[in-house]
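Input: a single structure, listed below in C-alpha cells.
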Amino acid sequence: MAVGHSCAQAATPADADRFVNAINAEVRDYYAEITAAQWVSETYINADTELLVSKANERALSRLSTNVEKAKEYGGIPGLSPATARSIGLLKLQTPMPAPANPAKIAELTQIASRLNAAYGAGKSCTDESRPETCRNLDQLSRTMADDRDWDKDLDAWLSWHNVARGMRKDYVRFTELVNEGAREMGYGNAGDMWRAAYDMDAADFRKETDRLWKQVKPLYQELQCYARTKLDQRYPGKMPKDGTIPAHITGNMWAQDWVALYPLLQPFPGVSNLDVDAALKKEGYTPEKMTRRAEDFYTSIGFPALPASFYERSQLNRPRDRDVVCHASAWDMNLTGDVRIKMCININEEDFRTIYHELGHVYYYLAYNNLPPLFQTGAHDGFHEAIGDTIQLSLTPAYLNKIGLSGESRESKEAVLNAQMKQALEKIAFLPFGKLIDEWRWGVFDGSIKPDNYNTAWWTLRRQYQGVAPVVPRNEGDFDPGAKYHVPANTPYMRYFLAHILQFQFQRSLCQAAGHKGPLHECSIYGNKEAGARYWAMLQKGTSQNWQATLKELTGKGEMDASAILDYFAPLHSWLKQQNKGRRCGWEGA
Ligand code: X8Z
Ligand code: ZN
C-alpha cells in the first residue's frame with residue numbers, strides 16, 4: 001500500500017550499478033587494513049593485537065551492516081544486470097560471522113571471536129602452570145599421537161588437548177546467540193541458514209545435496225573403518241571397544257580425521273613399496289622454505305606464474321620461538337593486488353609437505369582472480385577454494401615423487417597400487433565423515449536443536465554416527481570437545497572440506513583428460529602439463545563472477561557435484577577391502 005506523502009524516488013538499475021561500484025571501491029579501500037590487523041593478531045598473539053583486531057573487525061562489521069541495510073533498496077528492482085544482482089546477493093555473505101546492528105553487540109561479538117581464536121592459538125597443556133617447560137602445545141601433542149603408537153601416551157595427549165577447550169564453552173554459547181541475532185537481522189532464520197545460503201541454490205536443497213554425496217561414499221568409508229578396526233584390534237589385544245567403534249585417541253590424529261599415521265599398521269603388502277616421504281625429506285635436507293619452493297615448482301610447471309618475492313619475505317613458514325602464534329595453516333590475500341602469503345609452522349614431514357600444496361592452491365586462486373571486482377574475489381563456492389590445492393596433491397604420485405627425488409623407483413605392481421591407494425584413503429576417505437559432521441553439529445547449534453546443555457553429548461553422537469569413532473573415557477558437559485578443533489573457535493565453516501574432498505576428484509578427472517592421460521585416474525599426474533594448467537587457471541580466474549554450477553560445467557562438462565570420480569579412483573582399494581572384510585561383522589552401534 002502506498003504511503004500518502006512518501007516522496008522517495010524508486011531506485012533504478014543504474015543506481016544499483018553505482019551502489020555496487022561504491023561497495024567494491026570501499027572494500028578495496030579498507031580490506032588491507034583489516035587483513036593486516038588479522039595477520040598480526042595471529043602471528044603475535046597478545047592483549048594488544050587482540051584489541052586491534054577486535055576493533056578492526058568491529059568497524060568492518062558495522063560498515064557491512066550499514067551496506068546490507070542500504071542494499072535492501074536495490075535487491076528487488078526489475079532490470080538489474082546479472083552482475084549487479086549477483087553482487088548484491090553476495091554482499092550479505094561477506095562474513096561467516098553476521099553481527100547484529102547494535103554497536104555494543106558488534107563490539108561484544110568481535111571481542112569474543114578474537115578471544116576464542118587466541119585461546120586456540122595459544123593453547124597449551126601444562127603439568128605445572130608456573131613452569132613453561134612442563135607445557136606442550138598442539139604440535140607437540142600431535143607429534144606424540146602421530147609417532148607413538150602407545151595407547152596410554154596417546155590417550156594422555158588427547159585428553160591434554162581436549163582439556164584446553166573446556167574454557168571456550170561459555171564464550172561459544174554467547175557467540176552463537178550473537179551471530180544468530182545478526183543472521184536474523186539480515187533476513188535469515190539463523191546463522192546456519194545463512195551459511196547454507198552461499199551455494200547458488202536453496203538452503204534446504206543444499207542440505208539434501210550434502211546428504212546425497214555422503215550416501216554415495218559411505219559404503220567405501222564403512223569398509224575402511226571395518227578394516228582399520230580389525231587391524232587395531234590385533235595391535236591392541238583386549239583394549240578395543242566391543243561396539244565396533246574406533247577409539248578417538250588411537251588413529252594418530254588428534255581428531256581422527258586423517259589416519260595416515262596408521263599406514264604402517266594397515267598397509268596391504270608390507271615391504272612392497274617404500275612410501276616413506278618423511279625420511280626422504282629429512283635425508284635430502286629439506287627446510288620449510290625448500291619444501292615451499294618445491295610446491296611452487298609444481299604450480300609453475302603447469303604454467304602458473306612464479307610467486308612474488310614478497311611471498312617469501314612475508315610469509316610465516318616456521319613457528320617463532322619467542323611468542324604465541326596461530327599455527328593452523330592458512331593462506332592470505334593481504335591487499336587484493338598481489339601481497340599473498342601463507343602462515344604455517346612447517347615441520348619437516350610429509351603431512352606438512354602436502355599441506356603446503358594445499359595452501360598454494362588458495363594462493364593461486366587469489367592471484368588468478370585478483371583482476372575481478374572485490375565482491376567476486378572468492379571461490380566459485382568455498383569448497384572450490386579448498387579443492388584447488390587438494391587436486392594438485394592427487395598428482396603427487398609415486399612417479400612424481402620419484403622424479404623429484406623423494407622416493408625410490410616406483411614399480412607399478414598390483415600390490416604397489418594397493419599400498420599407495422591405502423595410504424591415500426587413510427587421508428582422503430577417512431576424512432569424509434569428519435568433513436561432514438562438524439557443520440552438522442554447528443547447524444544444530446545455530447538452529448537450536450542442539451542446546452548448550454547438550455553440546456558435548458550431541459558432538460559425540462555425531463562422531464559415533466558418522467565416523468564410528470568414540471572416546472574411551474567418559475566425557476561430560478563440562479567438556480567442550482568441538483572447541484578442540486580449530487575451525488570451531490575460529491568460526492570457519494567446515495562443509496567446504498567435505499565438498500572439496502568430492503570435487504577434487506572431479507577436477508582431477510577433467511585435468512587428466514585435458515593432459516591426454518590414458519589409464520586409471522590414480523596413476524595420473526599433471527606435473528609439467530601446460531594444457532591442464534591452462535584449463536585450471538581459466539577456472540580460477542572466474543572467481544565467483546558466475547554461479548559455481550556454470551564454472552564447474554566449463555571445466556568438467558557437468559554442472560553438478562558428483563562422487564563417481566572419487567569412487568572410480570578408489571575402485572581397486574574398494575574391492576580389495578570388501579574381500580578382506582568378507583565374513584566380518586562390520587558396522588557399529590549408533591551408526
Ligand atoms: O584447515 C585446513 C587447511 C587450511 S584451509 C590446512 N584443512 C582442514 C583441517 O585441517 O581440518 C585442510 C583439510 C581439512
Ligand atoms: Zn584450505
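Being a predicted model, the structure only gives us computed values, none of them experimental. Counting starts at 1 for both ligands and their atoms, following the listed order.
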Looking at residues at least two apart in the chain, or sitting in another chain, which of them share a side-chain hydrogen bond (donor to acceptor under 3.5 Å, both in side chains) with E313?
none
Just the protein N/O/S atoms under 2.8 Å from the Zn ion (ligand 2), please, no waters.
H358 NE2, H362 NE2, E386 OE1
Using a distance-only test with no angle check, is there a side-chain donor-acceptor pair under 3.5 angstrom linking T544 and Y369?
no
Just to be sure I understand the cut-off, which residues have at least one non-hydrogen atom under 4.0 angstrom from an atom of ligand 1?
Q257, H328, A329, H358, E359, H362, E386, F431, K485, H487, Y494, Y497
Please confirm whether R196 makes a cation-pi placement over W443, using NZ or CZ under 6.0 Å from the six-membered ring centre and within 45° of the ring normal.
yes
The side-chain hydrogen bond (donor to acceptor under 3.5 Å, both in side chains) partners of Y400 (sequence neighbours excluded) come to Y357
Parallel, tilted or perpendicular: which fits the ring planes of H522 and Y569, with parallel below 30° and perpendicular above 60°?
perpendicular
Is the H385 ring parallel, tilted or perpendicular to the Y366 ring (thresholds 30°, 60°)?
tilted
Validate the cation-pi geometry between K218 and Y221: distance from NZ or CZ to the six-membered ring centre under 6.0 Å, angle to the ring axis within 45°.
no
Can the positive tip of R293 be found less than 6.0 Å from the middle of the six-membered ring of Y312, inside 45° of the ring normal?
yes
Step through it carefully: locate the ring centre of F570, locate the ring centre of F505, and say whether they are under 6.0 Å apart.
yes
